[in-house]
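Structure first, then comments.
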Amino acid sequence: MSATLTRDDLLRAYRTMRTIREFEERLHVEFATGEIPGFVHLYAGEEASATGVCLHLRPDDRIASTHRGHGHCIAKGMEVAPMMAEIYGKKTGICGGKGGSMHVADLDVGMMGANGIVGGGGPLICGAALAAKMKGTDGVGVCFFGDGASNQGMILEAMNLATVWRLPALFVAENNGYAEATSSKYSVACDNIADRAGGFGMPGVIVDGHDFFAVHEAAGEAIARARAGGGPTLLEVKLNRYYGHFEGDQQTYRATDEVKRIRETRDCLMLFTRRVSSAGLLDLAELEAIDRDVAAQIDAAVVAAKAAPKPTAADLLTDVYVEYA
Amino acid sequence: MSATLTRDDLLRAYRTMRTIREFEERLHVEFATGEIPGFVHLYAGEEASATGVCLHLRPDDRIASTHRGHGHCIAKGMEVAPMMAEIYGKKTGICGGKGGSMHVADLDVGMMGANGIVGGGGPLICGAALAAKMKGTDGVGVCFFGDGASNQGMILEAMNLATVWRLPALFVAENNGYAEATSSKYSVACDNIADRAGGFGMPGVIVDGHDFFAVHEAAGEAIARARAGGGPTLLEVKLNRYYGHFEGDQQTYRATDEVKRIRETRDCLMLFTRRVSSAGLLDLAELEAIDRDVAAQIDAAVVAAKAAPKPTAADLLTDVYVEYA
Amino acid sequence: MARKITYKQAINEALAQEMARDSSVIAMGEDNVGGAGAEGEKDAWGGVLGVTKGLYGRFGDRIMDTPISESAFIGAAVGAAACGMRPVAELMFVDFMGVCFDQIFNQAAKFRYMFGGKAVTPVVIRTMYGAGFRAAAQHSQCLYSMFAHIPGLKVVVPSTPYDAKGLMIQAIRDNDPVIFFEHKVLYTLEGEVPEGAYAIPFGEADVVHEGDDVTIVTLGRMVHFARDAAQTLAKRGIDCDVIDLRTISPLDEETILESVNRTGRLVVVDESSPRCNVATDIAALVAQKAFAALKAPIEQVTPPHVPVPFSDALEDLYVPDAARIAQAVTSVMEFKR
Amino acid sequence: MARKITYKQAINEALAQEMARDSSVIAMGEDNVGGAGAEGEKDAWGGVLGVTKGLYGRFGDRIMDTPISESAFIGAAVGAAACGMRPVAELMFVDFMGVCFDQIFNQAAKFRYMFGGKAVTPVVIRTMYGAGFRAAAQHSQCLYSMFAHIPGLKVVVPSTPYDAKGLMIQAIRDNDPVIFFEHKVLYTLEGEVPEGAYAIPFGEADVVHEGDDVTIVTLGRMVHFARDAAQTLAKRGIDCDVIDLRTISPLDEETILESVNRTGRLVVVDESSPRCNVATDIAALVAQKAFAALKAPIEQVTPPHVPVPFSDALEDLYVPDAARIAQAVTSVMEFKR
Ligand SMILES: Cc1ncc(C[n+]2csc(CCOP(=O)(O)OP(=O)(O)O)c2C)c(N)n1
Ligand SMILES: Cc1ncc(C[n+]2csc(CCOP(=O)(O)OP(=O)(O)O)c2C)c(N)n1
Ligand SMILES: [Mg+2]
Ligand SMILES: [Mg+2]
């Protein structure tokens, strides 16, 4: 277990993972009622990745996320209530209801947006890292992307550029085995996404994404190197998603017991709990208290989101430009 | 020396390389007179690459080329007179004067076009290879691209796709050390472009592009594998260009004696000549006869191109669509 | 021809019939089959909204899944087309054009001209467009105007199941690169569609409502709102010609000009962003070529110059509807010099 | 202000002055310095036609060379802009938009709206456009209409050295994403340019020739041909207002409408492909908002709907010229109902 983790860190990590899980499982339920508009992609099952990486980040560090962005948002410190309201398309949403699930963003906490374009975050995070470098802070930029995105030219170009410019960047390939219904065994022409790192002049590291501690440690090393001017890293996190590609996906392409098996044996919250309690670092009662607290918080967020007003005609034409001629 | 090379092959190879050299050196002279319109990128110095690869190809095999395409055209069997006329913008040009140097193409000989877009040929050659595969011929597609292009998303995506679809394709990275004025040492984040092959699930091979025999042998293996259904290969050919990026480039970014040194010690025609004559395979008189023949042919092409008529108003609006509504 | 099927089924049927007829027709796209490399069902998706479902069962490897590498696989379709195949590639949402446009507008569109008339590139690119799914700014755009801007492309925007089938068959048989726009909201629209194969020629607009007072020129999903508006207006004594363009490149100038020469009034309805779009294209055409007939300003009904908003409340305000069309028609009727 | 410099020098000077003034201004592009990693001279190129030459000497690593990865470095400029920098990224030729458009139209252009007004993305994308260099179909296009179509972008098309400098300074200071179109043929054009920094506001067209008979609306290189035509026509007693748009997004509707309301006649001159372009945009605007004043059809002078040909003989026929403009003006003057 990484020596750098304090008790507070562990509590924070657990709360983050639990918040993500609760947020996503609640959305799964609420989506089925038909009240949530648009496409919703859930991050449940992958919590240890966002959490293990983002625990190293400061507010002035930046992340770029994906269509499956809720977990990254929460891990980077976004408030759940305005996130939930955004997903419901409400005026009180973090983006005023203009963005929705695929575009939640909060630049104030260094969260540069979920992204509806697969691979779109790669170039953007090079820019965030460049800005940090130019300003002489030791800030970093982290790009989360999927196995499917690892075949997108934008991601591949971005990795090369990050090395050429020696940017303080981390590329986190969240390999959950699928891009929509397509297996990464089919779409990614090499065994591991990390195998691509060498071709772009950076270290490639593989970690078990069900294991918070493994992610945390590997990300910590890469981020420290980036802050110190040592350039970018490609970190491949192998994990699983618990729900369909998006809500509504019947997932007939998956083996029938695939998710069940993983949930039972490799769930990141379960593994975390086991580890911290068997090591005597946190006790179960503490964790259960967090669970109750988080459940109440998510419930309140849903209730508030449902009750909130929608944006109105006055909102339609604003926020296109900063300066209108 | 590759056992498969007959005397005729050697004569053909020499003639091809000499034709390219003569074509390009003549263009260099003619461009300076101001009579040739547009951008012209010369292939002189790189002849062994196009020639070594294309000697393996049949008319129904396809190549995709680059802005530096004259050498590929000639090696794939295009006639020099209509090529020259095209570069002069004449009605008698292979493209009727509508394409010019950056777009010379002759689909009849399997030459899918020079390309003004860096990296544009990668996807196209996947398509050519796919067509061959679907039709059940054992045809192949060869994509030539530069070190600069090796950082273009289209090329990187295309390599992945070629493996995923197990296409009969060959990617020939002609690494001449520069993309315009930028060194590949700066722009390519890994040591060799061939290092990228593994990340796309294919063999990566490096050859000396001044050595026709080395290129020929490596390309032969890769093409044979592709024809047999063994999938794509990335072949990195290290070579040098003798002239500027385009005609007019002062090349101040190069070490002063760089080209001179290479011309004197590593010139592909010189190395070829030395090798075949010292091995007693061809005698110098034969080669000199080819030289004279080629010079006359290029001269005739230039004379004809200069004398040829330009396209006229009647040509402006045709050839946009096959079928007009 | 009483059989009714959906717009989605009509496209599927066109693909199936052409694939059966001509072995050079192949199809490809992300999850066009679905389940590649996975342990469960093959043909698990048939495209993200199921348009190609079932083709795998009939045509096997002639329909292929792809990595998320739009430049590579759309470019491969272009390249294969230049080598004798007739590929139908799916760009899932047209919003993704930004990662692959080069292969479409610089390669496919220009081959024939650049190569002096020697290339033939019969590629079809199918793509979803349009608002209405609460899919926000990056999954709701209506970008056909940008494709129509490019010489060398043909641009098809069917509004009904009947047209979708006939125009898809024509697109596949056509020898030029065709971009085929499918409105996601129309997928579930039912309509009468003949079972056999038939091709609708490009460049022939369809007059879907007749009248001598005002010409409404429109396309895609907007055709339905325009017809609704025309029906309402007819009851108020205002008779509209409603012209469904069906293809914007080539454009049926004749039908438009004939109508405006008769009515003297034009309203153009277009779901795309208002600057440099199809609405301005048609308005400019008429202001140049039928000016003498014009009795009133040419009204354009389009969304505002803003990205597509997510919230249903805003998206519904964003998309033009029958009421706004009727209002525009009324205003041109009331115009006095 | 007697000092004359070229359009190219004017852009260089604007960049230099803004970089000196504001340390958050950085620049990047392929060979914007030139010679990176090589053994010879640094600052060997200053861009392919030398626009950024000399900046490296003054600003060092604030001007950066890039791999040929337009998506990555233009997107990096966008990302850096969203993080407090003011990057000026060069998309060498606008013809290359097809490999990086996503970062421009789906990212930069939409951040502010999608993120509920919280993003500020002051990125400038410089790009060369236009025919005249015998550079053929993939290096001669005039694609500003497609950028103007996208809400969230500002689109600038200067025609003179004076405007190039003032508009570039405004572009850098502006807080929205700006696409700055530089006509390659204009680089060597000389004109009077003040030495100090000045900003020309966006959305203010320039009337470069005055007259009450016909309004000519145009932009970029075409401004010069339109003025030539106006001067010739003036000798024949036809007086033209020639309006140089300078920016197409935002658009100075007021100046256009005021002029047409006075002249009653409009000719639009645009170097871009004729479908869904700036010419149709202006024509449609006027046909809607100044209809009552119109005395004649609105003529559009544009190239034909074909790719840009290579041969000088064809390219010269392709590009509109003063003679064609004069002819269009004459035809609207001669129009009788
Ligand atoms: C450029 C682009 N192509 C395709 C899509 C459609 N799409 C959305 S998510 C997705 C799959 C992404 O897979 P992956 O990167 O593995 O992320 P995951 O969904 O597994 O988290 C696809 C194809 C898109 N949004 N953008
Ligand atoms: C997409 C794109 N970006 C930039 C350019 C401009 N350009 C033309 S050739 C070239 C350099 C290419 O270098 P490389 O691939 O090494 O080929 P070489 O010129 O050395 O043969 C560049 C940047 C282009 N034509 N297309
Ligand atoms: Mg995935
Ligand atoms: Mg090179």
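In what follows, every heavy atom counts, from backbone to side chain, and hydrogens, waters and symmetry copies are set aside. None of these values were measured; they are calculated from a predicted model. In what follows, chains are A, B, ... by sequence order, proteins preceding strands, each numbered from 1.
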Residues of residues 42-58 of chain C with a heavy atom under 4.5 Å from any heavy atom of chain A, in residue-number order, are C:Ala44, C:Trp45, C:Val48
Comparing A:Ser187, A:Gly100, A:Ser184 against chain C, the one with the most heavy-atom pairs below 4.5 Å turns out to be A:Gly100
Against chain A, residues from residues 126-134 of chain C with at least one heavy atom under 4.5 Å, in numeric order, are C:Phe133, C:Arg134
Between the CG atom in C:Asp312 and the CD1 atom in A:Ile36, the distance rounded to the nearest 0.5 Å is 12.0 Å
Looking only at C:Ala137, C:Ala38, C:Pro309, the option with the highest number of non-hydrogen pairs under 4.5 Å against chain A is C:Ala38
NE2 of C:His139 to CE of A:Met102, rounded to nearest 0.5 Å, is 4.0 Å
Note: C:Gln138 and A:Gly116 closest approach over all heavy atoms is OE1-N, 2.7 Å
To the nearest 0.5 Å, atom CZ of A:Phe39 lies from atom CZ of C:Phe310 at 11.0 Å
* Might you confirm whether atom NZ of A:Lys306 has over 12 heavy atoms from other residues, nucleotides or ligands at distances under 6.0 Å? => yes
Among residues 96-104 of chain C, residues within the sub-4.5 Å heavy-atom range of chain A, in order of number, are C:Phe96, C:Val99
In this structure, CG of C:Leu314 is separated from NZ of A:Lys98 (nearest 0.5 Å) by 7.0 Å
Honestly, the part of C:Asp31 sitting under 4.5 Å from a heavy atom of chain A is both
Would you say that more than 12 heavy atoms from the other residues, nucleotides or ligands in this model lie under 6.0 Å from the CD of A:Glu79, or not? no
Residues A:Val118 and C:Ile68: closest non-hydrogen pair is CG1-CG2, 3.8 Å
Worksheet item: Can any side-chain N or O of C:Ser311 pair as donor or acceptor with the backbone N or O of A:Gly89 at less than 3.5 Å?
Response: yes
Of the listed A:Ala255, A:Ser183, A:Ala189, the one with the largest count of heavy-atom pairs under 4.5 Å with chain C is A:Ser183
Given A:His103, A:Arg254, A:Lys185, the one with more heavy-atom pairs under 4.5 angstrom with chain C than any other is A:His103
When rounded to the nearest 0.5 Å, the distance separating CG of A:Leu317 from NE2 of C:His305 is 11.0 Å
Of the listed A:Asp249, A:Val320, A:Thr252, A:Thr318, the one with the largest count of heavy-atom pairs under 4.5 Å with chain C is A:Thr252
Here the gap from A:Thr312 atom OG1 to C:Leu317 atom CG, rounded to the nearest 0.5 Å, amounts to 8.5 Å
Exercise for the section: With side chain to side chain contact (heavy atoms under 4.5 Å, CB included) as the test, would you mind laying out the steps for A:Gln250 and C:Glu41 before giving the verdict? Expected result: CA-CA 11 Å; A:Gln250 297 308 317; C:Glu41 187 196 8; over 6 Å; no
In short, side-chain hydrogen bond (donor to acceptor under 3.5 Å, both in side chains) pairs touching residues 60-75 of chain C with sequence neighbours left out are A:Gln152-C:Glu70
